[in-house]
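These notes concern the structure reproduced below.
In what follows, chains carry the letters A, B, and so on, assigned in the order in which the sequence lines appear, proteins first and then strands, with residues in each chain numbered from 1.
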Amino acid sequence: MVGQLFDMVVLGLAAGTIYGVMALSFVLLYRVGKLVNIAVGDMVLLGAYLIFAFSELKLTPSPVVNLLIGLGCASVIGVILGVVTERTLMRPLYGQSILALIMMTVALGLLLRGFTIIKWGTTLRVFPGQHEVFPPVPLQIGPIELPYVYVWSTIGAMIIFGFFLYIFRKTLFGFAMRAVSLSPEAAATHGISIRKIYVYSWIIAYLAAFLAGLVLGALNGIAIMISELGLSRALPAALIGGIDSPTGALLGGLLLGVIEHTLGTTLNAYIPGVSDIIPFVVLLAVLIIKPYGLFGTERIERV
Amino acid sequence: MSRPSGVIKETFLADMGFIEKPFHYFALSLLGLFLIILPFVTSEYILSQIILIAIFGVAIMGLNLLTTAQLFSVMHAALIGVGAFTAAFLSQSLPFFITIPLAGLMAAGASVLFGLPSVRVKGFYLLFSTTAAQFILEWIFNWMTRDIPGSAVYVEAMGIAGYTFSAIERYYIFIIIALIMGYLIAHIGRTPLGKALVMIGEKDYAAQIQGLSLLKFKSIAFAISGFYAGVAGAMWGYNLGMVTPEHFPFLMSWELLGIGVIVGGLGSYVWGSLLGATMMIAVTQGTTVLVGALTPYLPWLGAGAFGLRAVIYGLIIAAILILEPHGLASLVRKIKRFFDLWPFSY
């Protein structure tokens, strides 16, 4: 029993890293522009399909290199999409109510999902050479059995988080980003281009979502349901950690992964399918018990 | 605020009346006449769209009241679903004039339950708790109907004492329900309750200092809007004849809030809501028409037509948001102001 629980926790932690990456994509946009990005699941979906399409070209004989090429090309598209999204959809709405901006992300989600369906249809796909890149046999590290996908996803997530946190905390660019998130007007008067910061945050959000798309696609197969999966994991993970904290996003993702794989798997034996809504129940519980999450800034209200 | 030109109110009652100008009597009676003779002159398609506008108009009225208190809810599609399923299950044994209020009460209960976090969290945090509520309720619908083939619950035809209403009679009943609900919400907006909600919307912390109990008033707001959603759901069920879990997606919640309330006109409970509902139906139907028109020219689409629908829908929403961000309500207000001041508009 204890060994089983231990396995579940390890599996949860491994899955949690990727939830953390999705949450990072979400948290960044919230932190910088107070934007609730409903399209996060659709960004993940598009990422999975783009990586699939580019690695399907089979430019090299090695499937690993193919997949990396896919990821690279998708990242380039992600950069372009980030700029286009910010320029065409978001920029005309600055200064309007935030609700209009959030509604625009709903429209963005529809556009991305619709494009994906038009281009690739609704059939289930797998990454080319997936079984060679991620062998179906689990990796044995001491007493722990871990699927290969998780090994790579954990490494990838750690790289992304390390890289992002370094930029966000230590570089001048990250400083500018934090300044904008604190007070856009004050940052603008000090010579920071808010628009540039918004563009960069969209680009990072796309890249993080695309990486999550690779992992979710490899785990569940590439299908439209990734979109809902992404949204339903990114939101609770971001909220557990406190919605405006990148570090919190990682911890929230890990916590959500562990809860999902222990509680969800256990309850699933009694009520089939209940694990689908476990993240949302967790979300409600967090909102009632500790609304600003583990690391979120608490709002102090004055009249 | 401008008062209509050339209209002099002599009593307090006249001053408080809903109908401000003599012209409004004329316009309202014209609208009433239009709604009465409509089924005899138009096609079934137009009639079904008018019924949908009535249904979503009722749902948006409640949501409009809630949004006035700055409580942003994106679980209203699921609440409509709660009403629809309640009506569907109860309609097997009870007549419609009992099931519709019961459906409303059921949805009100669900709404208050999931609205409780609103006491602790503010503003856009509420979007998250209501998103969770939407998905949890959707899951419950699926779970409830897992043993039913096609997961469709059939609704008994609307009728009274063994007599089943025809389509035209049903249309009149829906219009009457919508009128009653609109009349009620217009009054709620004028009572101390409605004013308290406006105050909570302005700054809930300040409202609390003034002695309003946030728990009480926010719960009441959720209950009322849930009731409206439930009634709309029951109407939806009776209109369609069956209820399935797929009819109440997360996207519909966003449409109700983003198009129905924001574009329609926040704070204008009756006309803004009906305008929002009209807009919502126009967008959905416009998308269907556009997809139908484009599909023959894009034969390579095949199964992707479903995706084309999403793209066009997204484009329309984006266009509305960019072109008319203050909502149709501001346009209507401008027109109204012009005629209020006419002929002395200087």
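- Under the side-chain contact (heavy atoms from CB on, under 4.5 Å) criterion, A/E56 pairs with A/F52, A/K58, A/P128, sequence neighbours left out.
- B/A310 approaches A/G114 most closely through the heavy-atom pair CB-CA, 3.8 Å.
- A/R113 CZ to B/R309 CZ: the interatomic distance, rounded to the nearest 0.5 Å, is 12.5 Å.
- Counting heavy atoms from C-beta outward, B/I136 and A/L284 have side chains that approach closer than 4.5 Å.
- In this structure, chain A has a heavy atom under 4.5 Å from the side chain of B/L257, while its backbone stays farther away.
- Within the 4.5 angstrom heavy-atom criterion, only side-chain atoms of A/I38, from C-beta onward, approach chain B.
- The contact between A/T88 and chain B is made entirely by backbone atoms, counting heavy-atom distances below 4.5 Å.
- The candidate with the highest count of non-hydrogen atom pairs below 4.5 Å against chain A, out of B/I316, B/N142, B/L251, B/I259, is B/L251.
- Atom CZ of B/F135 and atom CG of A/L235 lie 8.5 Å apart (nearest 0.5 Å).
- Heavy atoms from other residues, nucleotides or ligands lying under 6.0 Å from CH2 of B/W271 number 12 at most.
- Residue A/L111 touches chain B through both its backbone and its side chain, counting heavy-atom pairs closer than 4.5 Å.
- Ranking A/D276, A/L89, A/I98 against chain B, the residue ahead of the rest is A/I98, based on heavy-atom pairs under 4.5 Å.
- Proximity of A/I102 to B/F72: side-chain heavy atoms (C-beta onward) are nowhere separated by under 4.5 Å.
- For a residue to count as touching a neighbouring chain, one of its non-hydrogen atoms must lie under 4.5 Å from one of that chain's; by this rule A/I289 touches chain B with the backbone only.
- Residue A/V286: no heavy atom, backbone or side chain, is found under 4.5 Å from chain B.
- For the residue pair B/L321 and A/M104, the shortest heavy atom distance occurs at CD1-N, 3.5 Å.
- The residue among B/P117, B/A133, B/S129 with the most heavy atom pairs within less than 4.5 Å of chain A is B/S129.
- A/L287 contributes atom CG, which lies 9.5 Å from atom OG1 of B/T130 (distance to the nearest 0.5 angstrom).
- Atom CZ of A/R87 sits in a sparse spot, with 12 or fewer heavy atoms from other residues, nucleotides or ligands closer than 6.0 Å.
- More than 12 non-hydrogen atoms from other residues, nucleotides or ligands lie less than 6.0 angstrom from CZ of A/R125.
- When every heavy atom of B/W139 is checked against every heavy atom of A/I277, the shortest pair comes out as CB-CG2, 3.3 Å.
- Looking at A/L101, neither its backbone nor its side chain comes within 4.5 Å of chain B, counting heavy atoms on both sides.
- With contacts defined as side-chain heavy-atom distances shorter than 4.5 Å, the pair A/I243/B/Y125 qualifies.
- Heavy atoms of A/V281 lying under 4.5 Å from chain B belong to its backbone as well as its side chain.
- When all heavy atoms of A/A107 and B/G314 are compared, the pair lying nearest together is CB-O, 3.6 Å.
- By the 6.0 Å contact criterion, CE on A/M177 is enclosed, its count of non-hydrogen atoms from other residues, nucleotides or ligands being greater than 12.
- Contact of A/L239 with chain B is made through the side chain alone, with heavy-atom distances under 4.5 Å.
- Of the two parts of A/L283, only the side chain, counted from C-beta on, holds a non-hydrogen atom closer than 4.5 Å to a non-hydrogen atom of chain B.
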